[in-house]
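Below is one structure; the comments refer to it alone.
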Amino acid sequence: MLSAAELARVRADFPLLEREVHGKPLVYLDWGATSQKPEIVIDAEQDYYLTRNAAVHRGAHTLAGEATELFEGARAEVARFVGAAPGELVWTSGATAGLNLLAYAMQNATLGSGGEAARPFALGPGDEIVVTELEHHANLVPWQQLAARTGASLRWIPATDSGRLDLSVLPEVVRERTRVVAVTHASNVTGAVTDLAPIVARAHEVGALVVLDACQSVPHLALDLPGLGVDFAVFSGHKMLAPHGVGALYGRRELLEALPPVQTGGSMVEVVTMTETTFLPPPQKFEAGTQPVAEAIGFGAAAQYLGDLGMAGVAAHEHELTERLLAGIVQLPHVRVLGPTEAVDRVGVVSFEVDGVHPHDVGQVLDAEGIAVRVGHHCAQPIHRRLGVASSARASLGIASNTDDVDAFLAALPTVRPFFGLGE
Ligand code: PLP
């Protein structure tokens, strides 16, 4: 748990949280879409441009050496944050890019790239890819497309009425020809945290790879990705206090070694002749061209910041606020939470609908009070459809959220229906 003094210090690290919206103090409850950035991250990025800007891994000059050291230091920091080795962490532009990288690399393996070593990644008719009904489109559409291109078929683990995964069907859905199980660690709609152990065990029993979308878990829970037993995982920097435009793909070392690259060109090669090329080992094999160096350095600073605070304390703090938010929102008439209403195996993402009011209107009324929530389908149409709505409003918590934020939200929400003349 963060002490009151620690939380006050944390909040002071986020200058943006001081601003007002419509003359009211900003209540930022959209951390699930993107996090605010502490000054230390902004400084790290700016300091790189002011004092060390250079092309990494290339020049013999001092600046290039310093830039490379910072860039690779950031990789080590982010890798350490999730319990991985630096060589197991590939920079991407975000989680979406990481998932597309995997899907296209598997297609390349299907076409013969990577030779014998990459054959285990090849897919064909009869093979199956398993996703879940809870997925963000980023962990659904690339697999749909890969299935369509390779002739494999797509199956999924359904969601329950309370917005969790129905694991009772696991043995039937994940079966002999399953090659990939792509699953979210925490839903960006229902907040449910996936019980990974049985999924990993079943997938590995049938020889399938487990791809974890850790976007909504890495910033909020103390995690050790290798310890979870997953084969690959993706997460985005911008959701964990880091700049936009940078993310990470974690992969078990031997898998990254065997996986063929997707983008090719400079920075990822060993020897190039007019007819042939050999590739660098991972992670560089997957990092063609100029990388988002300043953003990666900011990512490293964010991981260090969270690591210094201690993720167990961060998780406990957010858990307590989630409990407060859920306890309050379930008392409100005409409000339905889409997802578990108890703060058990759950992150602080709370989607809801207000009876008779479109989510956009809910968002606008809250915004007039300075409260920022997300509205829409949150890039997850299937789970909305499963829960009987087209869209929702969503309040999501982060490291610098406090009880005032939650209380302001809970006080403003009951004003939404009366605003539209619908009564309490
Ligand atoms: N997966 C989940 C669960 C998310 O919440 C998001 C972002 O909203 C993504 C994937 C995609 O992340 P990005 O847009 O940063 O690539």
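Whatever order the structure lists ligands and atoms in, that order sets their numbers, starting from 1. We're numbering straight along the sequence, starting at 1.
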> Do Glu128 and Arg177 pass the salt bridge (Lys or Arg N to Asp or Glu O under 4.0 Å) test, and can you show the C-alpha distance, the side-chain angles, and the key distance before you say yes or no?
Replying inline: CA-CA 6 Å; Glu128 293 171 349; Arg177 293 294 298 271; over 6 Å; no
> Heavy atom under 4.0 Å from ligand 1: found in His378's side chain, backbone, both, or neither?
Replying inline: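 No part of His378 is near ligand 1 at this cut-off.
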>> Using salt bridge (Lys or Arg N to Asp or Glu O under 4.0 Å), reason through Asp405 and Arg11 one step at a time and then give a plain yes or no.
In response: CA-CA 12 Å; Asp405 292 338; Arg11 261 188 102 84; 3.1 Å; yes
>> Only heavy atoms of Asn188, strictly under 4.0 Å: list the atoms of ligand 1 that pass.
In response: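 Numbered from 1, ligand 1 contributes 3 (C), 5 (O).
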> If you count the atoms of ligand 1 from 1 in the order shown, which ones are under 4.0 Å from a heavy atom of Ala95?
Replying inline: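 In order of numbering, the contacting atoms are 12 (O), 16 (O).
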Where is the nearest protein heavy atom to [atom]: which residue, which atom, and how far?
atom                    : answer
atom 10 (C) of ligand 1 : Asp213 OD2, 3.4 Å
atom 16 (O) of ligand 1 : Thr96 OG1, 2.6 Å
atom 15 (O) of ligand 1 : Ser236 OG, 2.6 Å
atom 8 (O) of ligand 1  : Lys239 NZ, 2.6 Å
atom 4 (C) of ligand 1  : His136 CD2, 3.3 Å

>> Check for me whether Arg75 meets the cation-pi criterion with Phe71, that is, NZ or CZ under 6.0 Å from the six-membered ring centre and within 45 degrees of the ring axis.
In response: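 Because its charged atom sits under 6.0 Å from the ring centre and within 45° of the axis, Arg75 does stack over Phe71.
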>> Does the Lys NZ or Arg CZ of Arg149 fall within the cation-pi geometry relative to Tyr104 - under 6.0 Å from the ring centre and within 45° of the axis?
In response: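 Relative to the ring axis of Tyr104, which defines the angle, Arg149 lies inside both limits.
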> N/O to N/O below 3.5 Å, does that happen between Cys215 and ligand 1?
Replying inline: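 Cys215 vs ligand 1: no N/O contact under 3.5 Å.
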>> Using a plain distance cutoff, I'd like to know if Gln216 has any nitrogen or oxygen under 3.5 Å from a nitrogen or oxygen of ligand 1.
In response: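 Min N/O separation from ligand 1 is below 3.5 Å for Gln216.
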> With a 3.5 Å cut-off and no angle check, do the side chains of Thr110 and Gln107 form a donor-acceptor pair?
Replying inline: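 On atom types as modelled, these side chains do not qualify, holding no pair under 3.5 Å.
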> Is the distance between the ring centroids of Phe232 and Phe286 under 6.0 Å?
Replying inline: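 Here the rings of Phe286 and Phe232 have centres that are no less than 6.0 Å from each other.
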>> Evaluate Asp30 against Arg374 for salt bridge (Lys or Arg N to Asp or Glu O under 4.0 Å), listing each step before the verdict.
In response: CA-CA 6 Å; Asp30 201 14; Arg374 167 111 193 232; 5.6 Å; no
